[in-house]
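This report concerns only the one structure given below.
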Amino acid sequence: MSDPYTRIYQAIADIPAGRVAGYGQIAMRAGLPGRARMVARALRDTPDDMELPWHRVLRSDGRIAFPEGSAGWREQSQRLRAEGVVVSRGRVPMSAFGLDADLDRALWGPPPA
DNA sequence: CCGATGACTCTGC
DNA sequence: CGCAGAGCCATCG
């Protein structure tokens, strides 16, 4: 349970439902700073029959990593919406659904309307 | 060893 | 906000 891939999968599995995280963040939590690309590889190699909330992993800007309109893009946005996450034009407001959303709100106050 | 690749990220314009 | 360029890193031929 200590090889990089396992830690990556673990970090992803730890993302609470209804929340999202960036590739870089996952790499960080897995003890692999600067390895966002390795997280991407891990996800690509993830067998479909493995239970993993891969849909909660987005780019640092909150955009879905798949090309807009692709099969994966559609499935990911659908899965996210199913959890109550707001997805508009393939983008998710990290300030509201990101892992540190609560901390951010506590420190910086609620997001402007 | 070298160059190419990619579910990435940051900076500048 | 969008685009281009450069950096980064494991993997592969």
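All values reported here derive from a predicted model rather than from experimental measurement. Below, read A as the first sequence line, B as the second, and so on, with proteins coming before strands; counting in each chain starts at 1.
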Item to check | Residue whose nearest DNA chain C nucleotide is more 5′ - A/Arg91 or A/Pro33 | outcome: A/Arg91

Table of protein N/O atoms under 3.5 Å from nucleotides 2-4 of chain C N/O atoms:
none

Next on the checklist: Please report the distance, rounded to the nearest Å, between CZ in A/Arg35 and P in C/dG7.
Outcome noted: 18 Å

Checklist entry - With distance as the sole criterion, is a donor-acceptor pair present between the side chains of A/Glu83 and A/His55 under 3.5 Å? => result yes

Checklist entry - Between atom CG in A/Asp45 and atom P in C/dC12, what is the gap in whole Å? => result 9 Å

Next on the checklist: Suppose you measure atom P in C/dC8 against the same atom in B/dG12; what distance do you get, rounded to whole Å?
Outcome noted: 15 Å

Item to check | Whole angstrom value for the distance that separates C1' of C/dC8 from OH of A/Tyr23 | outcome: 16 Å

Checklist entry - If only side-chain N and O atoms of A/Arg37 are considered, is one of them under 4.0 Å from the OP1 or OP2 phosphate oxygen of B/dG6? => result no

Checklist entry - Hey, does the side chain of A/Ser60 come within less than 4.0 Å of B/dC8's phosphate (OP1/OP2), counting only N and O? => result no

Next on the checklist: Base, sugar-phosphate or nothing for A/Arg41? Non-hydrogen atoms, less than 4.0 Å.
Outcome noted: sugar-phosphate

Checklist entry - Below 4.0 angstrom, N of the basic side chain to O of the carboxylate: do A/Arg7 and A/Asp14 qualify? => result no

Item to check | C1' gap between C/dG13 and B/dA7, integer Å | outcome: 23 Å

